[in-house]
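Read through the structure below, which is laid out as structure tokens, and then see the notes.
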Amino acid sequence: MRYRKIDARLFVRNRDRLRKLLAPDSVAVVNANDLMPTNADGTFLMRPNSDLFYLTGVEQEETILLLAPDASNEKEREILFLREPNKRLELWEGHKLSKEEAREISGIQEVRWLSEFAQTFHRRMCEAENVYLNANEHPRAVIEVETRDARFVRWCRERYPLHQYRRLAPLMHRLRVVKDPIEVELLREACRITREGFLRVLGVLRPGMNEMEIEAEYAYEFTRRGARFAYPPIVAAGPNACALHYMQNDQPCLPGQLVLLDVGAAYANYSADLTRTVPVSGRFTRRQRAVYEAVLRVMRAMIRAAVPGKLHREWQKEAELLMFEELVRLGLLRPQEGRNEEARRAAAKKYFMHGLGHPLGLDVHDVGSLREPFAPGWTLTVEPGIYIPEEGFGVRLENDVLLTEEGPVDLMADIPVEPEEIETLMAEARREA
Ligand code: GLY
Ligand code: MN
Ligand code: MN
């Protein structure tokens, strides 16, 4: 593993919390993700199933978690099923988990090989009324392939058509949106590594450098620290910043341009999500700085406003109203365009057209119902931006915050964001070079 062993008490607690949400006489099943094919005999890098990881800490392909809290056979109340290692697997794919290793990672005592799954599952189903199965219910997910979980749902319903089927996803969302202190520590580590990547880039950025060379600097820093990119990095110079999900990263950074860096590390599968926008030449122009400071004021205000009890849509509205004022000050909007709140919000969207932030965790756009009010333990991004294609640049700033009873804690408070600090760090690096 690339990361320090996680305290198994996290996964024990997570399963306990899930059990409390299950109806009596239930079974719940969570499957690993498929290893997705590319072309020929290639596959994408394995991406662990976030729910399975959350409940077990196990990343290995084909793993199945079976929970049956009311099983008459006590040993079968919580079982992890694994691929059975063999010499051939070991030769081609390397080490696979032993039962003892899986026990240690997950805190699950009963670990069996997959060959026993169907029989065991049948016994559990004969006692159960309710079956909780999983699906990707992220509102923005686009799923065109049948996942392992989806195939399992089909298999299960065919064999056991008379059970009561229930959705596991809403329960997982409710649990995962509130972070355990161990998860917060992992997120903090992801933020620390992200900071190192950003500082490295501030040190080496020079006019003429290609966006992909900047991406490579992050990759170097993240990889050597046991992390990976949490999402496809966005390195967008000049007008490229106005394409919100720009990922080409193949253009030169020209003198006088800003470059938007939306790049975060994932450590132990926990994602950081950072955006900074910095001047390629090392100094902001007056105009760039004015826009930058407007975005920074909105980010700061909206971090303060991320408090338990608030609804996401209220928070978004506050940001848009604040942004309207800033856009008027910048001369981008006219005061007359904002006759009422509705008009001010609509006008602000011309330059700030995306969400202010999202839950963050095992997934970068993490699960969690945004219809529920914010609560202590939520982690959110705060990411206002102003995009001005007609002036050839965009500015976004993004920090990650933990919500607590005492107020928001900025997990990225130590990552440079003040324009003077950015300029000073860049000037120092250039002097030293
Ligand atoms: N990096 C993706 C986002 O900011 O939401
Ligand atoms: Mn984000
Ligand atoms: Mn981002």
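Every number for a ligand or one of its atoms is a count from 1 in the order of the listing.
Here Glu398 pairs with Thr275 under the side-chain hydrogen bond (donor to acceptor under 3.5 Å, both in side chains) rule; sequence neighbours left out.
A salt bridge is absent between Arg9 and Asp16: the closest approach of a Lys/Arg side-chain nitrogen to an acidic carboxylate oxygen does not fall below 4.0 angstrom. Salt-bridge check for Glu61 with Lys96: passed, with a basic side-chain N closer than 4.0 Å to an acidic carboxylate O.
Residues Arg17 and Tyr54 have side chains that bring a donor and an acceptor to within less than 3.5 angstrom of each other. A side-chain donor-acceptor contact under 3.5 Å links His95 and Glu101.
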Side-chain donor/acceptor pairs under 3.5 Å, residues 264-274, sequence neighbours excluded:
unit_1: Tyr267; atom_1: OH; unit_2: Arg4; atom_2: N; d: 3.1
unit_1: Asn269; atom_1: ND2; unit_2: Glu59; atom_2: OE2; d: 2.7
unit_1: Tyr270; atom_1: OH; unit_2: Glu183; atom_2: OE2; d: 2.6
unit_1: Ser271; atom_1: OG; unit_2: Gly361; atom_2: O; d: 3.4
unit_1: Asp273; atom_1: OD1; unit_2: Tyr231; atom_2: OH; d: 2.9
unit_1: Asp273; atom_1: OD2; unit_2: His358; atom_2: NE2; d: 3.1

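Ring pair Trp155/Phe121 is tilted by interplanar angle, where 30° to 60° counts as tilted.
Remark: Arg396 is not positioned above the aromatic ring of Tyr387, lacking an NZ or CZ atom under 6.0 angstrom from the ring centre and at most 45 degrees off the axis.
Within 4.0 Å of ligand 1, protein heavy atoms come from Tyr231, Asp262, Asp273, His358, His365, Glu383, Glu398.
The tally of protein N/O/S atoms under 2.8 Å from the Mn ion (ligand 3) stands at 4.
Among all heavy-atom pairs drawn from Arg371 and Leu311, the shortest one is O-CD2, 3.4 Å.
The Mn ion (ligand 2) has an N, O or S atom of His358 inside 2.8 Å of it.
Atom CE in Met172 sits 4.0 Å away from atom CG in Leu55 (nearest 0.5 Å).
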